[in-house]
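Report on the structure given below.
Just so it is clear: chains get the letters A, B, ... in the order the sequence lines come, proteins before strands, and each one is counted from 1. All values derive from a computational prediction rather than experimental measurement.
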Amino acid sequence: MPFHTPLQENMAALLRSARLLRLSPSGLLNIAGTNRTGPPLGRLYSGALGGSRTGACSRLTRPARDSVSISRVWPYTAGSLRGYSLATDEKEDGSVMVRSKQAQQFDWALAKLDSSVRRTGRITKTLLLRIFHDICRTGYPSSNQALLLLRSCGSLLPEVPLEERTVLAHRVWEKLQELGAQFDVSHYNALLKVYLQNEFKFSPTDFLAKMEAANVQPNRVTYQRLIAAYCQNGDIEGASTILGFMKTRDLPITEAVFNSLVTGHARAGDIESAKNILPVMRGAGIEPGPDTYVSLLNAYAEKGDLDSLKKAMDEAESADCSLMDRDIMQVIFTLARAGHQEHIPDMVERLRHERGYVPDAMNLCLSLITQGQEETSFHILKSFSTLEPDNFNSDSSNMGNFFLRHCVNMDTSVEKLTKYCKELQETKRHFAPLTFSLHCALEAKKTGLSLELMKILKEQGFPIRPHYFFPLFIQNSKDNNSAGITEVLKSMQELGVSPDAETLSIYILPAFPSTEAARQALTDAGIPLDTENFLTLEVRALAVSDLAKLYTLLSDPSFPPLDHNHFRSSLILGFRKSDDVESMVKITELFYRDKRFTKEGSKPAEETSYFLYNLFDSRTEGIVQAQEEKLRKYLNQLHAQNIKIPLNIYKGIKNVLESYNVPELIKDVMALVEPKDERGSVSAAPRFTVIEGKVLALENKLAELKAENKPLGTILKQTIQALCAEENLQRALELKQQHEEMMIVGSYATLINLCCRQGNVEEALHLKRELSRKDSSVVLDSSKYIALVKALSKNDRVEEAVDILKEMKEKGVVLNESNLTMLFYVFNSLVAEGGVSTIRRLQDTIFTLGLAKPTTNLCSPLISAYLESKDLSGALEATLDFQKRYNQLPRIHDILVALVEKGDTELLQKAMDFVSQERGEMNMLYDLFFAFLQTGRFREARKIIETPGLRARPGRLQWFAEKCIFVNQMETLEQLVDMTAKLFECDRDEMYSYVLRLCKVTNNWQKAEAMWTKMQEENVIPRETTLRMIADILKNNGQEVPFKMPEAWHEGAETAQQDEPALPPTTAASASEYHTRLLALCKKGKAKEAFWMIKKADQQGLTLTASTYDHLIRALLADGSMEDAMVVRDIATSRLPGFQLSNIAISLSIVTHSKKGQTSDALEKLKSMLQVGHVPSQLAITRLVQALGANGDVAGIEEVESLMKGLGTNLNLSSMIFLSNKALAHIKNDDVDSAIEMLDSAYTSPDSAKPGMSFVFRKVMEDDNDKALDKLSAMAERLANHFACYRPAVDLFLQLLDMNKLEDAKFMLARCNGVAQQKNMLVSYMSRKAQFPGQSGKIKALISLIPDFTEKEVFYPYLMKCHFVDKDLASAKALHEQMQKEGMVIDELSLKRLAVLYRNAEETVPFTEPPESFKFYADKLKDQVTKAADE
Amino acid sequence: MAAPAKKVFEVFVSKIPWTVASKEMREYFGQFGSVKKCLLPFDKDTGFHRGFCWVGFSSEEGLNNALEKDPHILEGSKLQVQRNRRPFVGQKSNRASEVD
């Protein structure tokens, strides 16, 4: 829409002044006072003040400090990453087997990088490499991941030199290609961008040739970037060639191209032509943007032409292209690199320190240092401090840490470094810059620099400590570089530091072949050694090499006292390495009995037990498991030597062993416990407390009505209902007349409702009066009341409607969600009739009475009514009134739109003032932005959204986008997306997805394709869903999809290909097409068809990607088609030599083998998997163990068990899995006794956890193995009766119950009635059962067998839940009655459940339904239980 | 050895500057009472300590003295000093599987 009215021009001016004002907070404060009475907006509109910096808009900006908290704007370098954001649209419902892990991983990597960029505007090389390796390690990288990695190899790495970045990019490219990632044009474009950012010299023609060879079509963005590449080298001719090419292809020439040409001409030495590009642009209808000016500024900067630079800056300013700090920073960077440092102060002065200045400037500093421009960098650094003092901790000022660290890493000279440190310290910017630099130098293992810094520190009087040298030793130690160590030691000596024992043994000795060699080397180097230290050293050396010798040395009476803690860790290490248990015991005993080896004052025995604890604690789980026998022997011998440990140490070791899954050793440790300490702690069983209740009021009304309910009544009711459904009011009323006496409330309600619907208000009111004559306490259904209100209001009987509302309040009618919606429609129906006053009256009444909360929805009809009658001022007044009273601002957007359209500046000013004040400036700006967008005032809209400091409000953006999609406003939507390109924290992918959604609705594939190109131009990394959307739109229009289709496993087949033929594609089909089709088939569960297709493809000689094969294999396995899966594997291996099954696929094949009983195959798979370091899924292990159990293969289970122990990570496998299945295996082999023996010992062993064994009982019962069952049940009863171990007995009892063997259960109870007292287990069974339908019988059976196992207060609610889950109203009613008969208090949760049952059966709830949600009452109950338990 | 459980008077110290080693820690905390134990783990890969430390006093008095002081400043850094809530023997609950 063109803007030609002066009004609009001024609007823009007004907004510009707002932007500028914001930048000078002091000026803002000065005029704050006068503003209240300052010139109104209207004067600005009239043009009197033009671009003045005073005026109303300053007011708008004033509250910014409090209301808008903007931490920082993304730095310039981050521009390319704005598309990073968490992709949260992955649903969790995909089945584990088919769900692509890639998407998850992408999210994770994205989140990692995103948070780094958000915090700092950069990525560290370490982080990038870690993510790169992780992605590589897990197999097949998706094309999204490839894009992500590539895009991170450019200016997001300011700490990495340019050449190194490009090397990195190439490494990523090649590695990913090797791993089978498919590159499309977006990847090539990303690589180009990285080349440009890294100023990498390459041949554009070669690049194009490479693309052509890969059969990837270049697009507009590709050409644009190639032009930029030529221009970077000042090659105008090359650029022109590409330009010509673009023209012949009819590709639009965008601003970016012109910007490149500015640079190109300048670099070619023709600054005049560069300057002339600007008028050329205007001639072509493209207004030069800030980026154009930045190109020009950089051109002047390279030449060092300060005058032209300044002039161009002013020109930009007057052309309304205000330069941001980050633009000026670019100029500074250029000046520094071109050697024009003298002009830099001029530019630094121009920095306005916008919000987000610091991270941008930090990145500038880093880039400068990387380029060897530390001086300039330091200059910039010094501009920080005075500006954002709150950015730093006040207690320890440490400004410039990043600066110092990067200087160290970039090998800045010590002289410069100390100079910077001095200045930082003197200006109180940094508390200890030298110490910090030393830390960095040590971290980077820069020995020379570290030593020099230490020298300086020492000169300044700082202490130099032995541990400062540790990092330096470590590097040499790792390389076994004894000469290097000696060198460091010498320097240490020079600095007056002598190594202590710790330094010697941990950091120095390992680099020498022997202690003796070390002693010799050090003496030779002239390093004197402390005797005690060296003694410790010797002991440590012996500890790890020869325990027997160590014992001889220590036990010698001439050996001086030496706390064993000085060599404890070496000794522990030695114990681990050695098999000399005898010496271990001797040494331990020595510590235990000889005072020399503990510190004076502490007890040897006690210290020794700590040593024992440490011995276990310092080992890894794997080692303890591997050395179990050795440790047992050791412990037993300690026991034989009568060595005792206190109970708490035992507990500690026990905990360690339990967490290491070596409970078997616990017994041996327990033997060491001092007898008087040996008493088990009595653990109090958790109490289950019944909710104490109050007596609830009886439901008298219900009983009364029920008593009168005679058969005739029911029929009458049904008839009336039927008549009403047919809208036959006449006849229904007649029937009512005839049977006045039999009429029930429900029938009246139905009739009233019908009357209202038909607009027969009189009759409705008549019926209502009649009803209340019969029973004045009757409460109508809330929807009937609302119908009455509606009918009355529509018939201009507002006061009567108000009376109805009052009655509702009196009778306690509660309005639910749908009632509120009805209410909204009632109001809305009044809008068209100019019902301002009616609506207002009703709203006031409802809100005052508290019948409904004043929501935006309920408030908005009044505004609609005003708008309908074109009363804008009334509408504004009303909405402002709502804001004041209820904190709601209904339809403000529509009001603003109307005001903008009308050009009513005064009211607009008022509205903005108010919104700003009430809702904050940010909201006001959004409101205004949307209003301008909506009315097609795009220029003004852009001004608003470009207000510095404004950040994305995803909710608001979505709201507007959805609006555009809904009413099909493509232009507005596109503008929205375009304008928010530089908006802070704007989720670009999300924004583009809105346009794409509209494209999909309108089937506009051209637009969709253009969006894809634009996303590349903007460096947005699309989410998979977005890509899928583009692909769908293109495909629906018969267009080729120019990228690899993301895999859509969990999105439901219908969104993808509706016209999917089950036939294989034609021979010409590419691998990627195959891939798509195959995946579609797989996800539809047609793995078989996919299988035939892949075979056919193979016959045609087609090679597909590894991930395609992998997916199909997984799908086939999920179907249980093992053979077919193996065929596919063979095809894959023959085509891709390095092909390996993925983790999931192997796990699935284990499951499949197991299910088919092919346990040896499954076991083999598992072993091969573990060998290459893959982790099987928990399901795979469970199924395998179960299959082994069913086969009676005890040894097999034991093998799996030990394999799993060796795995190191715990898969959350219950220890019972192995135990139960071993037992079942024994039983299968007809060796019930072994099974019993094993279970018996498991349950009687003192400290093992005692999980349930229901699984064993169930299997045995399912197999009808009575013999085994008898023995097992005897065991369970024995455990219960003799050992008070009830778990197995209860499991058996409940299993019997569960399988409906009630008689058996009864007998068992008689034999073993301890079961009846296991309340917790029984209640927990009941609570489990109550969650699934059809289980009420089980619960009833349980209570019939053990009538008093729990209180009724516990039992009834569970039973009610059962009925609720079963949707069994009849039973629930009966239960309710029984509860009432028994005088029980019914908790609200049960009552709520009952009420819902009534409602679902469309019966009137005969009591007041508890109004809150289920969760509310459940929480309340829990709360009561906890409280009761606490008492 | 009659005590059923060993009493520990330990503080857990974190945010320790890298320049400080266990000798300095002992010296610093020695002002509050006799230090019985001082464990400042070093990372064997980097050669720097991990920034946290356990300091055990021989008496409750030392512990209380140390806890009373605030802030603890050592070489310009503010140390975070807390009573060691998880003394030597950690209680791990195995009861979770009892009732499910």
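- When each of Ile464(A), Ile474(A), Asp617(A), Ile653(A) is scored by its heavy-atom pairs under 4.5 Å with chain B, the top score falls to Ile474(A).
- With ring centers used as reference points, Phe470(A) lies under 6.0 Å from Phe42(B).
- The shortest non-hydrogen separation linking Thr19(B) to Thr435(A) is CG2-CG2, 3.2 Å.
- Nearest heavy atom pair, residue Gly47(B) against residue Pro471(A), reads O-CD, 3.7 Å.
- Under the side chain to side chain contact (heavy atoms under 4.5 Å, CB included) criterion, Ala66(B) pairs with Phe29(B), Phe32(B), Phe57(B), not counting sequence neighbours.
- With a 4.5 angstrom heavy-atom cutoff, Asp43(B) touches chain A only via backbone atoms.
- Separating the CH2 atom in Trp18(B) from the NE2 atom in His467(A) is a distance of 6.5 Å, to the nearest 0.5 Å.
- The environment of Gln31(B) atom CD is dense: over 12 non-hydrogen atoms of other residues, nucleotides or ligands sit within 6.0 angstrom.
- The shortest heavy-atom contact between Glu75(B) and Phe431(A) is O-CE2, 3.9 Å.
- Both the backbone and the side chain of Lys44(B) come within less than 4.5 Å of a heavy atom in chain A.
- Contacts of Leu442(A) with chain B are made by both backbone and side-chain atoms, with heavy-atom separations under 4.5 Å.
- Open room surrounds NZ on Lys23(B); 12 or fewer heavy atoms of other groups in view lie less than 6.0 Å from it.
- Remark: Gln475(A) pairs with Lys445(A), Asp479(A) by the side chain to side chain contact (heavy atoms under 4.5 Å, CB included) rule, at least two apart or across chains.
- Under 4.0 Å is where a charged nitrogen must lie from a carboxylate oxygen, and between Arg465(A) and Glu27(B) no such pair does.
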